[in-house]
There are 4 protein chains.
Amino acid sequence: MTGEAASRGRIDKRQAILAAAFEVFANRGYAQACVQEIADAAGVAKPTVYNHLTDKETLYRHAVEAAADLVGAECRTAVAGLRDTDRNPEPALRDSAYRLLRICNGERSHALRSLTFAQLASFPDLANLVQDRTSGQLAETLADRLARLSLAGRLRPCDPVVAAEQLLALLTGPLEVRSRLGTRKVSAAELKSIANAAVDTFLSAYGGGTSAPEMA
Amino acid sequence: MTGEAASRGRIDKRQAILAAAFEVFANRGYAQACVQEIADAAGVAKPTVYNHLTDKETLYRHAVEAAADLVGAECRTAVAGLRDTDRNPEPALRDSAYRLLRICNGERSHALRSLTFAQLASFPDLANLVQDRTSGQLAETLADRLARLSLAGRLRPCDPVVAAEQLLALLTGPLEVRSRLGTRKVSAAELKSIANAAVDTFLSAYGGGTSAPEMA
Amino acid sequence: MTGEAASRGRIDKRQAILAAAFEVFANRGYAQACVQEIADAAGVAKPTVYNHLTDKETLYRHAVEAAADLVGAECRTAVAGLRDTDRNPEPALRDSAYRLLRICNGERSHALRSLTFAQLASFPDLANLVQDRTSGQLAETLADRLARLSLAGRLRPCDPVVAAEQLLALLTGPLEVRSRLGTRKVSAAELKSIANAAVDTFLSAYGGGTSAPEMA
Amino acid sequence: MTGEAASRGRIDKRQAILAAAFEVFANRGYAQACVQEIADAAGVAKPTVYNHLTDKETLYRHAVEAAADLVGAECRTAVAGLRDTDRNPEPALRDSAYRLLRICNGERSHALRSLTFAQLASFPDLANLVQDRTSGQLAETLADRLARLSLAGRLRPCDPVVAAEQLLALLTGPLEVRSRLGTRKVSAAELKSIANAAVDTFLSAYGGGTSAPEMA
DNA sequence: TATGAATGAGCATTCATTCAT
DNA sequence: AATGAATGAATGCTCATTCAT
């Protein structure tokens, strides 16, 4: 009991530090963020931060990695509805598209994107890691789903990797513009409109499988 | 004469400083870049930098602005071929798409994108300015062209703003993934493949106006 | 029994800490040595060091004092052979001289010397304590022996304090130079040569007692 | 003029920093000395110290080196009187001995000795450098003089290196004891007594060449 | 008693910025 | 106009020391 409570406390503190770190890094950027501020935000003393995470760099890497994992998981959840190949995929596509946009429009996503770009030069490996665990995995998952839909005759035969890539591009590209890189709030209605426009275009190109064969 | 030569020298020095500044900022990021390094790269003494540009911030703003203007101009040139409404727009689209990708894949573009994201928190206004002068203007120009093509019956009736937005998204989104945010070289062949896939999808959705049947 | 064993364990731990402390202080110097490293070297946790020895300063004092006592005891042993006033003292002198040099050339002696000098400013009293318990006591012991030898007519009448002082100087001075303050190994042969040269000079000045009285 | 004055100012500042640094290092030791204190003592701002001397380590090395050169030069001056081989060397020996003791008893010498020992572990090369430029060069110079005196028949034939080494040992050894490693003031009278005792013993061993009977 | 965890205080170093020349 | 030199303000990191268990 005591042991569990203690280690719980330890873990909580570490989590608190990582969360505070991501928050501060997101607001200030890597270089401008100072460890003292992170410590303050986490409610601990500066050396405690160092005890748990060695370095400003290490702190940054762990904070970013954790955020990337969170976003990645959210994204995978968002496209879960596409697993069903028994139905016309259009409603599921519209739903997933909107869910993805909500995630991408979230603060965490914007911050992650921002930080990743910002530190491209300093931590290129971290950029790759983040991309893999977020858009990379998402694209793969999506490609899998699209491939099955295509096989099931719900989508025209196509390269599922390209299709997934383009669907995502049709979602995130316009969002980036409309949100002005994340500096502007985008209403739910606008998100829906982006999502639907994306799905429309996507289906124009990839829709219409066997049920209404375009004589592929 | 002397006066002109002198002011010419002055201008040259200012340009040299701005160029060096963009280079250094691009390589190190805003905070990590130090004025001394920029001065060294420009071949002048540190106070000279301050004489010309007041501030690190001012220096940054001017350097970024100049780069944005350059990229913006390049982009506008790239889509010049779309002005012609007398022909099937497909070849021009493929050409413009490829040209745009080459620009977006260039070092300057990547650096600009990187820096803009990196300093979102510190200089949000600069982010907007850059976006306006690059993708913003480009999107507008493109929307104009597409509107005329649509009017001319070369494209299906559509919202030209959305169409432009999506075409750009289909180009830049996949490029970003493939180039791993700019850290990886992308071959000309791959660029062409991205461009063609984008145009294919775009034309599936927006192509086929009245006068120019796809069967062409 | 248990009590004894326990207190034995306690004492052992304390000894281990002191030994580790001297080792670490010797290698790093007072300020550069950190308590954590000492704790690690002693195989205990940091607070345990504090439990036993209060302070970094206290720890240092005890460690140095213990080392000084060890060296002091060794030195006294080394000159035991001079107690004999019945024989020509030359062989005993040569033997004692060599033994002293071996001690002074030992790691512990060098470390002690180094640390004492290093912390002159911070702990001047400790410097005096160390000097008293090592060269001080040795000089006194030696002076006693020389006085008796002189009285016994084995040495010319002289001020035994000065004589002892000079004999020690003739030993340690050259050793310090040859060993480059302890950074260089000095061979046994070289030690012997130093010892003999010292005794030669010493006997030239102080040798020749009653057997060939110079009629002081 | 202006240039000279300016560079003069620069040099003066550098000298001031080095002098202040030696002072502070001597009083506090390397690790305990903080650069701010040195800057204050030199009457400059901290970064100025770094501008001139790069590093705390570099600062230390230059300060110590400069002090070593000063002491070395003083020592060489002190034994200048021994160059004369036409006279009985005894008065010159007594004079040089006393002069050397005054130097070795000076604050700078003590500090140099202290610091050298203190940082043996951190900067062993510096220890050697200091020893070479002070006692090393002195011993050589002295050996030269003694060799010539010996050749001139003013001293008994001997190994001049050993003789020099022993003479210096007879001076510095007792001084170190009497001054308690430099923590205690030693009166001029006591210095003279040490010097004379050293010369007495030295001459007992090495004096009495062929041409200059001791009875002189 | 022994220890994992936490902290307050301190220090080297860097950098944007400003004078004096 | 251009520069060498100087500085005030920060910031990463370390370490002796103390709690709570």
Side-chain angles (χ1 to χ4, degrees), chain A residues 1-3 5-7 9-10 13-14 17 31-39 42-57 59, chain B residues 6-7 9-10 13-14 31-39 43-60, chain C residues 6-7 9-10 13 31-39 43-60, chain D residues 1-3 5-7 9-10 13-14 17 31-39 42-59:
Chain A
M1 283 297 176
T2 314
S7 93
R10 184 120 229 269
K13 206 154 270 188
R14 187 191 165 95
I17 292 172
Q32 291 86 347
C34 80
V35 177
Q36 180 64 64
E37 193 181 353
I38 293 172
V44 301
K46 209 181 350 173
T48 302
V49 175
Y50 283 92
N51 281 343
H52 282 266
L53 288 137
T54 323
D55 236 13
K56 190 185 184 184
E57 182 178 333
L59 175 57
Chain B
S7 92
R10 182 122 230 275
K13 205 159 269 188
R14 186 191 165 96
Q32 290 86 351
C34 75
V35 177
Q36 180 64 66
E37 193 181 354
I38 292 171
V44 302
K46 221 188 328 181
T48 303
V49 175
Y50 283 90
N51 284 342
H52 283 266
L53 287 137
T54 324
D55 234 21
K56 191 187 184 183
E57 183 178 331
T58 307
L59 175 56
Y60 179 71
Chain C
S7 92
R10 184 125 229 276
K13 205 159 269 187
Q32 290 86 349
C34 75
V35 176
Q36 181 64 65
E37 193 181 354
I38 292 171
V44 301
K46 220 189 330 180
T48 303
V49 174
Y50 283 91
N51 283 342
H52 282 268
L53 286 137
T54 323
D55 235 17
K56 191 185 184 183
E57 183 177 330
T58 307
L59 175 56
Y60 178 72
Chain D
M1 281 297 178
T2 313
S7 92
R10 183 119 232 270
K13 207 155 268 188
R14 187 191 164 95
I17 292 172
Q32 291 87 348
C34 77
V35 176
Q36 181 63 64
E37 192 181 353
I38 292 172
V44 300
K46 216 186 336 178
T48 303
V49 176
Y50 284 91
N51 281 344
H52 282 266
L53 287 136
T54 322
D55 236 15
K56 190 183 183 185
E57 183 178 331
T58 307
L59 175 57

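- With the nearest nucleotide of DNA chain F identified for both B:Val44 and D:Thr48, B:Val44 has the one nearer the 5' end.
- The side-chain heavy atoms of A:Leu59 and A:His52, taken from C-beta on, include no pair separated by under 4.5 Å.
- Each of C:Gln32 and D:Pro47 has a nearest nucleotide on DNA chain F; the 5'-most of these lies closest to D:Pro47.
- Rounded to whole angstrom, the span from the CG atom of D:Leu53 across to the C1' atom of E:dT13 amounts to 14 Å.
- Closest approach to the B:Lys46 side chain among E:dG10, F:dA6, E:dG4 is made by F:dA6 (side chain taken as heavy atoms from C-beta onward).
- Atom CD of B:Gln36 is separated from atom C1' of E:dT14 by 12 Å (rounded to the nearest Å).
- In plain terms, the two heavy atoms of D:Ile38 and D:Ile17 that are nearest each other are CG2-O, 4.2 Å.
- At whole-Å resolution of the value, CG in D:Asn51 and P in F:dA6 are 7 Å apart.
- Of the side-chain N and O atoms in A:Lys13, one or more sit less than 4.0 angstrom from OP1 or OP2 of E:dA6.
- Side chains of A:Lys56 and A:Val49 form no contact here, defined as non-hydrogen atoms less than 4.5 Å apart.
- Each of D:Ala33 and B:Ala31 was matched to the nucleotide of DNA chain E holding its nearest heavy atom; the match closer to the 5' end belongs to D:Ala33.
- Nucleic acid contact class of D:Ala39 (heavy atoms, under 4.0 Å, all strands): none.
- Nearest nucleotide to the C:Val35 side chain, out of F:dA16, E:dT13, F:dC13: F:dA16.
- Heavy-atom minimum distance, B:Gln32 versus A:Ala31: NE2-CB, 3.7 Å.
- We find that CG of D:Leu59 is positioned 13 Å from C1' of E:dT13, with the value rounded to whole Å.
- In this model, the phosphate group of F:dA1 is not approached by any side-chain N or O of B:His52 to a distance below 4.0 Å at OP1 or OP2.
- When rounded to the nearest whole Å, the span between NZ of A:Lys56 and C1' of F:dT14 equals 17 Å.
- Remark: DNA chain E takes part in the stems E:2-21 with F:2-21, each of 3 or more antiparallel Watson-Crick or G-U pairs, criterion distances under 3.5 Å.
- Among the nucleotides F:dC13, F:dA16, E:dT13, the one closest to the side chain of A:Tyr50 is F:dC13.
- Of the two residues contacting DNA chain E, namely B:Glu57 and C:Gly43, the nearest-nucleotide position lying further toward the 5' end is that of C:Gly43.
- Minimum atom distance to the side chain of A:Cys34 is reached by F:dG12, of the listed F:dA16, E:dT17, F:dG12.
- Look at CZ on D:Arg14: it is 18 Å from P on F:dG4, rounded to the nearest Å.
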